[in-house]
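In what follows, a structure is listed as structure tokens, so that the remarks can point back to it.
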Amino acid sequence: MRHVFSKPTFYLFAIVLLAMIAGSAYGVERFPPPDFSDHQLPAGHTPERTTVWYYMHTAGVIFDIAMLTAMLAGATYFAHFRRSRRGLFVLAIVALAYFGFWREGCICAIGSIQNVSLALFDPDYAIPLLAVAFFVLPLVFTLFVGRTFCAAVCPLGAIQELVAVRSVKVPAWLDQTLGLFRYIYLGLGVALAATGTAFVICRYDPFVGFFRMSAGIDMLVFGGALILLGVFVGRPYCRYLCPYGAILSPLARLSKFRVRVTPDDCIGCRLCEDVCPYGAIRPPTVDQPPETRPAGRRRLAVLIVLLPLLVCGGAFVGSQLSESAAKLHPTVRLSERLSAERLGLVEGTDDASDAFRNTGRAESKLYEEAEQKRGQIRIATALFGGWVGLVIGIKLLQLSIRRRRTDYTADPSACFACGRCFKYCPNDPQSLVAFGETTEAGGAP
Amino acid sequence: MISPQKQPAPGYHSALACTIIAAIFCVAVCIILVVGYIERSANNPLESEQYAALKQQLFAKPADSGETNAIPSEEEIAAAQKRRQALKEEIRALDLRLRQEYFRQRSFAHMGGLLLLVGVVVLLTSARIVARLRPWIPMPEPSATPHDPEPQVQRAARWSIGLLGVLLVVSILVIAALLPAVRATIEDGVQLAAKTPESSNAQTTAKTETVTTKPENAPAAKADELKIDLSTYPTAEEIKKNWPRFRGPGGLGISAYENLPTTWDAVSGKSIVWKTPVPLPGHNSPVVWGDRVFLTGADKSRREIYAFDAKNGKIVWTYHAKGTPAGNAKPPEVHKDTGFAAPSIATDGRRLVAWFANGDVVCLDLNSKKLWERSLGIPENSYGHATSPLIHKNLVLLKFDQASAGDGKSKAMALDSSTGKTVWEKPRKVPNSWSTPIVINHGGREQFITTADPWVIAYSPTDGTELWRVECLSGDHGISPVFAAGMVQIGNEYCEWAAIKPDGKGDVTKTHIAWTAEDGLPDTVSPLANDEFLILMTAFGVITCYDIKTGKMLWEEDLEKEITSSPSFVGKNVYIFSKTKDGKCWVVEPTREACKRVSEASLGESCVTSPAFQDGRFYIRGQKNLFCIGNK
């Protein structure tokens, strides 16, 4: 495809991104307290939750939910009614400013997957209303109007949208393959969250370090690398890693109202396919010769038979991860540490073991709890493995089925409703603005 | 056709210039920030060489800073304190200056970050204006009609996903194989929890052994209980049969039994009757009474006393010493080679006394019932407290040397073994030392022999009266004396070895040193002596043998390994344990002519402690395990 910005702009963007990474680096430093003075470290305290605090907190929650709803409605309006790329772009900047930098990337719909997972499996966990709203509202909108949440509401999508200036087309087969990682990451995130092991999706949120101007150097590098990659590959996190996108994609296939490339009949100019940085425009299909059909049917049958085997095999392989995954769980890790200290496998104690001993709790109880957690993690990792097998199987099945298309259409599961294609469609009145006086009437090349 | 690029609109060049300037500005700020970050990371104020040197100077012992070892006068002490105060002020000033500089750099970086943010906003805005004023327009290449790449894409994607699946499986299996399982250790804990549901602070043991734990002061299980009569004292015969203190009866390191193996191997299990992991670390040596082997273990926050069943190595009970308020005030500073549990236990077969690095002295009966506990104050000891207690009749005798000689904090003391109350206490003008004292009986006179730089002082154990003293030591002193052939043998590497006749009164330096020696003087390892030989050993493995009566050097033998464990006599043989990772051991037989090597053995792990000998077997503590070695 052609680049939408000039060369100088592209290089400048790259430089700016590097600068952003470096600029955030100072935020990771921590300075040790004085160790050679009588300086008293101030004691930590939890602020008292007064009535005023409660009302303020509730108002904050309501405001966040209202903002999310309004932004989703706005994105829907710009994507479906106004068909305005500019409107979506401005909205994305607002989302980045509010949900990203102001709310420091928390709460977000992507992370809310873990809250919901934990709430489903741990009866003691009280899920915040805000997490429920952020999980459910984008799903509901997607079910009706496609991925308008990704278009202009998600701050992670917005930051990538800003930098997608010179996207190259990823080969479709590679795009399909890499897209599987979203589902694997989703499975892993749910498995670890449901067992209370870790919220890995939040921990490895690549952009939260920029939003908060503070992160470990590893996360800054990871986030910076993704942003740099995003200059050349449109929305790499959204397309290949976002676990929430893995939920939205199939829902978008079911959406009643989809983003349409053209407001009128497609004339097959291919401008939309060329301009889409996300490879979401599917060309019309051509009927295959009848002699190829039996082979296709056989392949489909074999894959259907293979599917349960893939699930079972995946479950077995996944269960092999249970010991490694258990190490991530704080209770298991603490019990392991205490055991190692007892056996003399490590020298001295660490903060966690000291803190545990200060609680006066019995170690035996901790071991029992750790054993119980390990059992849960064993089941979760087996289910995770089965999930991966299922995802691979379904994807293979999907790749063995041909759908007939007569026009250039946006694949609802891959389309982020960014609106780039709108103004380049010759059937859209905006195209006159885009092509100006050099465009002939009708705009067909 | 569509033109690929429109002619630039008015203002394009201005916007482009603005973009370039903003970009250059951003890059410059970025470089400054990165350089500043690297510089700050590399120059942590507290890692400043000047700062570290001053701190080292402050914490250095007087000997290290070139001061003499003689007892300082009051004027010298005052001058030293003044110097230290000045040094502290200098460090504080430097600390403040370094921190101020550091935070100045950080605020500079913060300002840079804000400037960068402004630069990025300007850059983004102007870049978009540039793009708007001269937009690029898509121009797809003509393609063959009809063109449907989907079948090829699907085929390639299927293969690619298949390959991904294989890679995932391999990756998961590799991760599972490479990461060490936690199962073993945790299962030990679970197993233990099942066996000791009443445990208030769980213990762990190796797979084949069992640990039982009782809460503090809880009565022992009937089956394990020993019958104890606290009103009696052990007879000399009882003491001889057991191993009641560091280096056994008299602190001599001489076994009463000769029916012991001369070869063993922990790896193959040869002559290893049992071995049991010791839960907490410690450099103390085992003591044995009857069927019980006692050890202590401690770390920064925990102190424990263990009783092992001598028959099978099971831990019969573990006593968790919660500590006195004074002992818990702050963790003592110890050197890693000393640790928090260097002193060995002392027992009289009725009670046992443990002394920890925080200055807490704990007395239990042999069933783990606490009899008394008291704090002597956290020792001011540059390497950490290591002197072991000893029990003599109704007294617990302690040599508590700490700080510098001029501080007046060192003392010798006797506690009532029944109550822990002080019976007598004598100040000692000596600095911190690490040797363990002995009690001898010479000519019917009992003497409590203590050693520290520069004095060997003998006290009456009953009332603390000083009997005699000899000035013959120098520098850091951790060698425990022995009494053999009628002479007290003592010395260390910074002075001459001295054989002292213990029948004098007052300062007998000039009159009661029978002989001196200069070769092969030890720095860590205590001497071994019988009526014929005196054997000295350096930490780098050189054995030097003297005629104990004349002080004539007989021979030298180089084992070429690091040794800090004190040697022991078993009959004519000397048992030696090394600090090497494989726990190399030697059995040698000293003769007047040479060192005859009898055998070599292996403990399988590093050893810095001394063995405790019993009938047919002996007990030795390695880095991790307590071993029972004997004829199976």
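First the proteins, then the strands, lettered A, B, ... as listed; each starts at 1. Values below: every heavy atom of this structure, side chains too, minus hydrogens, waters and symmetry copies.
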Checklist entry - What are the two closest non-hydrogen atoms of A:Ile401 and B:Gln154, and how far apart are they? => result O-NE2, 3.3 Å
Item to check | Heavy-atom pair count under 4.5 Å with chain B, highest-scoring of A:Gln320, A:Arg333, A:Gln398 | outcome: A:Gln320
Checklist entry - Can you tell me how far the CZ atom of B:Arg158 sits from the CG atom of A:Leu396, to the nearest 0.5 Å? => result 8.0 Å
Next on the checklist: Within the 4.5 Å heavy-atom criterion, are A:Arg403 and B:Glu150 side-chain neighbours or not?
Outcome noted: no
Checklist entry - In terms of heavy-atom pairs under 4.5 Å with chain A, which of B:Val169, B:Val29, B:Leu163, B:Leu115 leads? => result B:Val169
Item to check | Heavy-atom closest contact (A:Ser324 atom, B:Ala176 atom, distance) | outcome: OG-CA, 4.2 Å
Item to check | Heavy-atom closest contact (A:Trp173 atom, B:Ala157 atom, distance) | outcome: CB-N, 3.5 Å
Next on the checklist: Counting C-beta onward and ignoring hydrogens, is there a side-chain heavy-atom pair between B:Ser160 and A:Gln176 closer than 4.5 Å?
Outcome noted: no
Item to check | Toward chain B, the part of A:Ser400 with a non-hydrogen atom under 4.5 Å | outcome: both
Checklist entry - Tell me, side chain or backbone of B:Leu164 under 4.5 Å from chain A's heavy atoms, or both, or neither? => result side chain
Checklist entry - What is the distance from atom CG of B:Leu168 to atom CD1 of A:Ile392, rounded to the nearest 0.5 Å? => result 5.5 Å
Next on the checklist: Let's test your reading of the structure: which of B:Asp299, B:Asn625, B:Ile161 forms the most heavy-atom pairs below 4.5 Å with chain A?
Outcome noted: B:Ile161
Next on the checklist: Does any backbone or side-chain atom of B:Ser301 lie under 4.5 Å from a heavy atom of chain A? Answer side chain, backbone, both or neither.
Outcome noted: side chain
Item to check | chain B interface, residue from A:Leu321, A:Leu366, A:Ile184 that has the most non-hydrogen pairs under 4.5 Å | outcome: A:Leu321
Checklist outcome for this item: The interface call for A:Phe316 against chain B, heavy-atom contacts under 4.5 Å, is neither
